[in-house]
Amino acid sequence: MECCNKRRMMKESPESNFMNRRGSSCFPDEVLERVIGMLKSRKDRSSVSLVCKEWYNAERWSRRNVFIGNCYSVSPEILTRRFPNIRSVTLKGKPRFSDFNLVPANWGADIHFWLVVFAEKYPFLEELRLKRMTVTDESLKFLARSFPNFKAISLQNCDGFSTDGLAAIAADCKNLTELDIQENVIDDKNDNWLTCFPESFTSLEVLNFSILHNDVNFDALEKLVTRCKSLKTLKLNKSITLEQLQRLLFRAPQLCELGTGSFSQELTTQQYTELEGAFSNCKNLNTLSGLWVVTPQYLPVLYPACANLTFLNFSYAPLDSDDIAKLLVHCANIRRLWVVDTIEDKGLEAVGTHCPLLEELRVFPADPFAEGDARGVTDSGFIAVSQGCRNLHYVLYFCRHMTNAAVATVVQNCPDFTHFRLCIMNPGQPDYRTSEPMDEAFGAVVKTCSKLQRLAISGLLTDLTFEYIGKYAKNLETLSVAFAGSSDWGMQCVLEGCPKLRKLEIRDCPFGNAALLSGLEKYESMRSLWMSDCKVTMNGCRLLAKEMPRLNVEVIKEDGSDDSQAERVYVYRSVAGPRRDAPPFVLTL
Amino acid sequence: MEEMVMGTLDLITASPHSSSSSSSSPTTDNNNNNNHPSSSSSISTRRTDLSTDLRLGLSLSPSHYSTPSSREQRSSFDWPPVKSTLRCTLVEKSQISHFVKVYMEGIPIGRKLNLLAHHNYHALVKALANMFRTTILCPNSHQLPLISGNNVHVLTYEDQEGDWMMVGDVPWEMFLTSVKKLKITRADRC
């Protein structure tokens with residue numbers, strides 16, 4: 001193995017192979033590397049690398065995938081120096097609250113410099129998965145020409161590129177298997193990027209362009225789908241009509257994951273029958289999404305394909321309770337369900353009745369700002385699901401109000417929650433039956449769900465909620481807080497009480513410098529802390545920065561705001577030192 | 001008066017969006033007829049209501065929260081925490097129409113256009129160019145006008161603060177909630 005020989009030449013102590021006096025390894029390095037090379041888990045590899053120098057080296061030489069949760073925590077130089085043989089890189093950039101416009105444009109997380117370094121150090125790079133990064137067309141074009149073995153690109157919540165960049169990927173990545181563009185802010189120039197895949201190109205397995213607004217060249221798409229016999233995932237955008245969908249399904253009955261286009265063309269009886277036939281031919285479908293603009297009368301064409309579905313993503317399809325109930329009768333195998341709250345409590349009762357294997361439920365609000373007699377889902381729908389779906393371990397639930405009793409019942413029914421994200425949309429909303437704070441609801445969650453890893457809290461909450469979290473949530477890794485708490489004590493409880501905490505994101509809470517500084521010892525063991533619109537001042541941040549030089553303490557300054565307040569604070573550990581690319585509104589203290 | 005005269009023309013130019021939307025969404029029926037044409041102002045009312053909620057609902061300790069005014073100044077897109085791609089698609093469906101007035105420089109009688117019938121700037125400019133039978137430069141385009149003078153225009157809009165801005169600088173979804181009126185002005189004037 002070429003890489004082994006390279007390393008042996010660099011070895012410091014020639015006798016460390018068999019006669020290892022330190023007693024750590026009695027295997028030849030080649031064997032050690034082969035064994036450690038089989039480890040897939042990041043955590044295991046991390047542990048292994050700490051054992052001794054031999055194991056550290058075996059691990060770094062055998063590593064093929066790397067995951068970087070915060071692109072500013074390490075530099076490309078440091079990364080490539082430690083891991084010389086990487087084939088797949090996953091990078092996450094902006095803080096999560098940038099999804100909700102809390103991070104100004106041009107904040108950073110630009111992929112380009114990483115690509116420049118990778119082109120030199122990882123010329124055999126095959127996969128790139130980015131989340132919340134800025135990616136320009138220039139970067140995509142650079143990528144397409146720099147990595148001859150490039151296979152998979154996945155861009156989630158990224159911005160800065162257009163269909164020109166996609167065209168470059170299509171044209172130049174001869175071995176592409178995956179092009180996955182999810183939820184990005186993309187400039188759709190409607191310039192036939194799909195036609196850039198050469199006629200000889202047949203390797204595509206995953207194609208997701210659902211977020212594009214404009215029409216695509218259907219002829220090119222159909223030809224592409226026809227010749228890529230290994231295509232498993234196809235997610236279309238809303239320009240694709242039902243008739244076109246039927247033609248594509250006819251070409252690709254082997255699909256496992258399908259995102260439909262628009263579901264509302266006017267069909268003749270024959271077209272309807274053909275579409276139904278196309279769906280019944282798709283024996284391998286396990287994931288269904290899309291359904292932009294859905295005409296409920298056409299939903300029955302899906303029924304033949306529903307029996308094997310495990311993931312149904314209807315987050316863009318506002319159906320009512322009757323439509324979802326009729327569909328779910330056929331979906332007994334569903335594990336993950338994403339819906340809009342237009343299905344209301346009655347729809348959730350249908351979920352509880354028909355989907356006993358459900359593990360994950362996400363309910364999104366159709367109209368977050370609806371006034372007056374706004375409907376959506378309530379506590380009774382939540383309870384109904386928990387009664388029918390005892391395997392539920394992931395929930396994201398948007399509602400207008402909730403009760404403590406309902407949440408307590410839900411977690412009694414489903415004590416294995418790992419992810420519990422409840423968003424009561426009116427900030428500071430108390431229990432609507434008792435008018436009390438929602439402290440006991442989240443208290444019940446943390447007391448009952450010992451495996452809880454991720455928690456998002458909302459409603460009227462005092463410091464008691466945070467006391468509960470600090471005392472009981474021993475496996476908690478991610479906590480999201482908004483409009484909650486009474487004093488610094490709340491945040492302190494969490495920082496002192498949750499040993500596995502990695503990400504803490506807080507907005508609009510009365511936590512000030514005392515709270516911020518109580519986490520001095522903690523932040524280096526965490527990925528990051530975000531605090532916006534709290535009561536932290538610039539002086540507090542400066543003190544933190546001074547005491548903890550290995551943390552990057554950044555303040556995002558808005559125009560016209562009070563100079564002494566630190567409205568948006570982002571603190572994270574880094575081995576790369578302060579950012580060199582910070583825009584003027586990001587102050588590194 | 002002008003609006004009544006232009007009423008019939010609106011029917012011709014308005015896109016048949018309502019026929020294709022799902023009958024299921026409960027918010028489509030009541031709200032829309034009353035809300036047009038000022039849906040954008042109802043959104044800003046909601047924005048203010050949110051701040052009012054924050055002031056009143058948290059009566060236990062109002063001083064603990066940052067002043068509502070700084071939040072109002074910022075866009076209202078940050079709560080509830082729904083990603084903007086999801087938010088705009090769903091809100092788009094629950095509000096079938098958002099008509100704004102459109103004037104072209106030099107023509108006293110304006111038109112009305114449903115912004116929600118279009119998904120992006122490109123579609124909007126195309127529709128307006130058709131409606132007014134002129135060339136409108138796309139935002140951020142690098143096209144140089146082939147014909148100078150009076151047949152090339154750019155698109156501007158009046159925002160919630162009363163300022164006239166060039167269309168195309170902010171994301172489409174953000175534009176939808178801040179636009180009050182549109183104006184097609186001559187390119188050589190900008």
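Throughout, a chain's letter reflects where its sequence line sits, starting with A, and its residues are numbered from 1.
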Next item on the list: Using side chain to side chain contact (heavy atoms under 4.5 Å, CB included) as the criterion, list what pairs up with B/Asn130, not counting sequence neighbours.
Entry: none
Notebook entry, point to check: Measuring heavy-atom distances to chain A, does B/Pro81 have an atom under 4.5 Å in its side chain, in its backbone, in both, or in neither?
Noted result: both
Next item on the list: Could you grab the distance from atom NE2 of B/His122 to atom CG of A/Asn214, nearest 0.5 Å is fine?
Entry: 6.0 Å
Item checked: Part of A/Asp159 lying under 4.5 Å from any heavy atom of chain B -> neither
Margin query: How long is the straight-line distance from CG of A/Asn101 back to CG of B/Asp78, given to the nearest 0.5 Å?
Written below: 7.0 Å
Next item on the list: Using non-hydrogen atoms and a 4.5 Å limit, figure out which bit of A/Phe398 sits close to chain B: side chain, backbone, both or neither.
Entry: side chain
Next item on the list: Compare all side-chain heavy atoms of A/Arg507 with those of B/Trp79 and state whether any distance is below 4.5 angstrom.
Entry: yes
Margin query: List the residues meeting side-chain hydrogen bond (donor to acceptor under 3.5 Å, both in side chains) with A/Ser458, not counting sequence neighbours, and say none if there are none.
Written below: none
Check: Taking everything shown except B/Lys183 itself, do over 12 heavy atoms lie less than 6.0 Å from its NZ?
Finding: no
Notebook entry, point to check: Which bit of A/Ile343 is near chain B, if near means a heavy-atom gap under 4.5 Å: side chain, backbone, both or neither?
Noted result: neither
